[in-house]
Amino acid sequence: MNCLHGFWRAFKTNYKLLLLASLPALALTAFGLHQLEAPAAAWASALPVRLLIEFAFLGAGLALLVLLGIKNKWLPALLLYVYYLACTADFVLLWYFKERFGAKYLDTMQGGDYAFLTDWRTLSYLLVFLLFCFFIVRRFFIPPTRKTAAKQLGACAAVLLVLWLLNPLALLPKPYDFLTTYLMPPSPVYTLRAVLAKHPQALITDSLPANVAATARKYNVFTAKNTGVGKDYKRVILIATESLSAKYLHRFNPLIPPAASAAYDRLFELYPSVTLHTVTLSTLYGLTVIFSSHPYAELNYENGYPLSFVKELKKYGFRTAFLRGADETYMDENLLFHQAGFDEVLGRRFFSDKENYKNYIDWWGLTDRKLFEYAAEYLQEHKDEKTFLTLLTVDTHVPLGRLDYLDQPYEEIDARFYDVPTMPRAYARAAQDLNHFLHVLEEKGLFDEDTLVFVTGDHPSYSNTPTNKLFKPYQRVFDRIPFAVITKTPIKQPLTQDRLASQLDIAPTVMDLLNLPQPKGFFGHSLFDQQEQRSIFDVKEDYVAVSTEDGTRVLPLNSSKAQDREIIDLIRIFWTEE
């Protein structure tokens, strides 16, 4: 009892402040549990633990300020505000990507359009938080004596130590034990840990180690094969629509007006199609997995793309080009995609020097319609060469899609949410642009029996604001990306509808359709292969989720456990040709 009484006295003067200051992080945890679809048991366990962690973390920080001799109320309020900005970053990333703030997102801050920071709604949000911080500090902060502050610091440290050593969330069933624990560290602690964490290093080899070979057999990777569906196509076009997700297509979401996705739905009806599980949450990562059929995108591009089907196509005489609406130098993607096998990487900077295109650059870059126009010109110019072309569009970029289409006409959709800038409107217009592009190819004689077109997305979009009503009730298929194979004469053989079909299967499918040998290092399988057992390796910032028919297993990338190391060793392997 004396111990509890002493603990109470350490917080007696500031417990109201600490409770109020803990609420935003508690809301962040609740939202994260919702995004990760955690069960009720996880909620009931995680929220009290997070409240205790947050209370102790903030209490320790407040005690340190007092021990340092700082009694001015404005500095604690300002530091609390900065802390809330870190929580806000976590919240936004969970909203859009179902992932907390991590080191890789520090790299993606270059080259973006940050005009939204001057929007009145953004400014209002920041002002409300600022006023909240100053109000609760001014109203409830009573500087304790140094002796009391020392007791408070000791009590907070003890609480944090006990929760670290005896984490009750570890008792939850897998994978919620890991995912719930993953949400627990305060935002600055998590971010610092993610930046300093030692990640696996790539092992590029032409000889598979015995232990890795055994794990590969267990998960059936490195076994991609052709199905006999292929032929000698001369013109191959991969259209990666920014953030394209099944939830924006009427075929998968009846709340989307039929007219809004008519072009996409028609393609899915006429041609072999499927929806794919994604293992990436941003463009560079998504395209890297698509090109390589390897789940560890970061290790792939950091090591010059040891695996890439684009390189394979170059070996067989294809001219390779990557066209995008956004700046080609974003995240050094002009350099990286050259390493992936592209002869040319053309984007916003290239088009800004073209008389017919420079006036159609705004926001993130060149409009999709003009990008398609240039693609048709490029294919016409090289129609007598074997050509592989990747198109990355931009008009459907979050948060609302393109705001200004620069006087380009579109057929408007007479439905709610389609008369103002929203993501659904952006995809309705993207469907029209795609339909127009295919017609142009037909008119120019570029869509013939030697032409192969793939339509997919680089990664999913989790952004529903401000159109939430279009995506309720939520369905898992909403977060999958569509994939269709378009040819002059539709291929009769269907694509697998295996629920574990993923982006990892795109590269083997390309090689299968071109009837070219499959690189042995692919993790996926041709989508025309109906028989193969599939596994999904979803590599996040500091953990990997492995899904098979038996369920999902989650493990940290720095784990030292033998059963975890076998998977980590597998996903860091790049098995190249001898």
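- In this structure the side chain of Ile506 reaches within 4.5 angstrom of the side chain of Leu276, judged on heavy atoms.
- For Gln201, the CD atom counts as loosely surrounded, since its 6.0 Å shell holds 12 or fewer non-hydrogen atoms of other residues, nucleotides or ligands.
- Ring centers of Tyr81 and Phe129: at least 6.0 Å apart, outside the cut-off.
- Inter-residue side-chain proximity for Trp74 and Phe134 is flagged as met; some heavy-atom pair is nearer than 4.5 Å.
- Note that the SG atom of Cys133 and the CG atom of Leu20 stand 11.0 Å from one another [nearest 0.5 Å].
- Under the 3.5 Å distance criterion, the side-chain polar atoms of Ser245 are left unmatched by any main-chain donor or acceptor of Ile481.
- The CG atom of Leu65 lies 6.0 Å from the CG atom of Leu79; values are rounded to the nearest 0.5 Å.
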Could you go through Tyr248 and Leu470, starting from their C-alpha distance and side-chain angles, then the distance that decides it, and tell me whether this counts as side chain to side chain contact (heavy atoms under 4.5 Å, CB included)? CA-CA 9 Å; Tyr248 294 110; Leu470 288 177; over 6 Å; no
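- Of the possible donor and acceptor atoms, none in the side chain of Ser293 sits under 3.5 Å from a partner among the backbone N and O of Ala507.
- Taking the six-membered ring for Trp and the full ring otherwise, Phe252 and Phe478 have centroids separated by 6.0 Å or more.
- We find that Arg324 and Glu328 are not joined by a salt bridge, their nearest charged nitrogen and carboxylate oxygen being 4.0 Å or further apart.
- Contact between Ala44 and Pro48 at its shortest, heavy atoms only, is O-CD, 3.1 Å.
- Within the cation-pi definition used here (under 6.0 Å to the ring centroid, within 45° of the axis), Lys247 qualifies as a partner of Phe471.
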Tyr182/Tyr190 under ring-ring contact (aromatic ring centres under 6.0 Å, His included): CA gap, chis, key distance, verdict: CA-CA 9 Å; Tyr182 173 73; Tyr190 171 74; 5.5 Å; yes
Take Val279 and Val539 through the side chain to side chain contact (heavy atoms under 4.5 Å, CB included) test and state the conclusion after the steps. CA-CA 7 Å; Val279 297; Val539 181; over 6 Å; no
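- Checked by atom type and distance alone, the side chain of Arg565 never pairs as donor or acceptor with a backbone atom of Ser560 at under 3.5 Å.
- When each of Thr283, Thr396, Thr393 is checked for a side chain to side chain donor-acceptor pair (under 3.5 Å) with Glu242, only Thr283 meets the rule.
- Not one N or O on the side chain of Ser282 forms a donor-acceptor pair closer than 3.5 Å with the backbone of Leu284.
- In this structure, the ring of His294 has its center less than 6.0 angstrom from the ring center of Phe574.
- Side-chain N or O atoms of Lys73 include one that pairs as donor or acceptor with a backbone N or O of Phe141 at under 3.5 Å.
- Asp177 places none of its side-chain heavy atoms less than 4.5 Å from the side chain of Leu171.
- A donor-acceptor pair under 3.5 Å links the side-chain atoms of Asp505 to the main chain of Ser502, judged by distance alone.
- The OG1 atom of Thr29 sits 9.5 Å away from the CH2 atom of Trp43 when rounded to the nearest 0.5 Å.
- Counted by atom type alone, Thr329 and Asn334 present zero donor-acceptor pairs between their side chains at under 3.5 Å.
- In this structure, a donor-acceptor pair under 3.5 Å is absent between the side chains of Thr288 and Asn300.
- No side-chain heavy atom of Ile70 sits under 4.5 Å from any side-chain heavy atom of Pro143.
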Hey, mind stepping through Arg572 and Leu299 against side chain to side chain contact (heavy atoms under 4.5 Å, CB included) and telling me if it holds? CA-CA 7 Å; Arg572 75 185 186 96; Leu299 287 188; 3.9 Å; yes
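- Residue Pro175 comes nearest to Val554 through the heavy atom pair CB-CG2, 3.2 Å, listed as atom of the first residue, atom of the second, then distance.
- Taking each heavy atom of Leu67 and Leu153 in turn, the nearest pair found is CD1-CD2, 3.8 Å.
- Salt-bridge annotation for Glu566 and Lys218: present, with a side-chain N of the basic residue lying under 4.0 Å from a carboxylate O of the acidic one.
- Ring planes of Phe537 and Tyr219: perpendicular class, angle over 60° (limits at 30 and 60°).
- The aromatic ring centres of Tyr305 and Phe291 sit 6.0 Å or more apart.
- Residues Phe222 and Phe522 keep their aromatic ring centres 6.0 Å or farther apart.
- Judged purely by atom type and a 3.5 angstrom limit, Thr422 uses its side chain to pair as donor or acceptor with the backbone of Arg425.
- For the residue pair Leu557 and Ile568, the shortest heavy atom distance occurs at O-CD1, 3.5 Å.
- Side-chain atoms of Ser124 come within 3.5 Å of backbone atoms of Trp120 as a donor-acceptor pair (strictly under, hydrogens ignored).
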Verdict with reasoning, Thr552 to Ser547, per side-chain hydrogen bond (donor to acceptor under 3.5 Å, both in side chains): CA-CA 4 Å; Thr552 298; Ser547 299; 3.0 Å; yes
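- How far OH of Tyr285 is from CE of Met331: 5.5 Å, rounded to the nearest 0.5 Å.
- Leu85 contributes atom CG, which lies 10.5 Å from atom OG of Ser187 (distance to the nearest 0.5 angstrom).
- Side chain of Thr456 to main chain of Ala240: no donor-acceptor pair is present (N/O by atom type, distance under 3.5 Å, no hydrogens or angles).
- Among all heavy-atom pairs drawn from Cys87 and Ala25, the shortest one is SG-CB, 4.4 Å.
- Ring geometry for Phe91 against Phe31 counts as tilted: the plane angle lies between 30° and 60°, on a 0 to 90° scale.
- Annotation: Phe57 is in aromatic contact with Tyr83 [ring centroid separation under 6.0 Å].
- Using a 3.5 Å distance cut-off with no hydrogens or angles, the side chains of Thr88 and Tyr125 do pair a donor with an acceptor.
- Within the 4.5 Å cutoff, the side chain of His277 has no heavy atoms near those of the Arg499 side chain.
- Between Trp575 and Ile204 there is no side-chain heavy-atom pair separated by less than 4.5 Å.
- Side-chain atoms of Leu500 and Glu549, non-hydrogen and from C-beta on, do get closer than 4.5 Å to each other.
- Note: Leu62 CG to Gln152 CD = 5.5 Å, rounded to the nearest 0.5 Å.
- The pair Arg402-Asp404 does not count as a salt bridge, with every side-chain nitrogen at least 4.0 angstrom from each carboxylate oxygen.
- Under the 4.0 Å criterion applied to side-chain N and carboxylate O atoms, Arg476 and Asp479 are not assigned as salt-bridge partners.
- Between Asp327 and Arg349, the shortest heavy-atom contact is OD2-NE, 3.1 Å.
- A 4.5 Å side-chain heavy-atom check between Pro295 and Leu504 finds at least one atom pair inside the cut-off.
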Go through the steps for Arg534 and Asn220 under the test side chain to side chain contact (heavy atoms under 4.5 Å, CB included), then give the verdict. CA-CA 7 Å; Arg534 288 174 161 80; Asn220 196 32; over 6 Å; no
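- At least one donor-acceptor pair under 3.5 Å links the side chain of Asp458 to the backbone N or O of Ser243.
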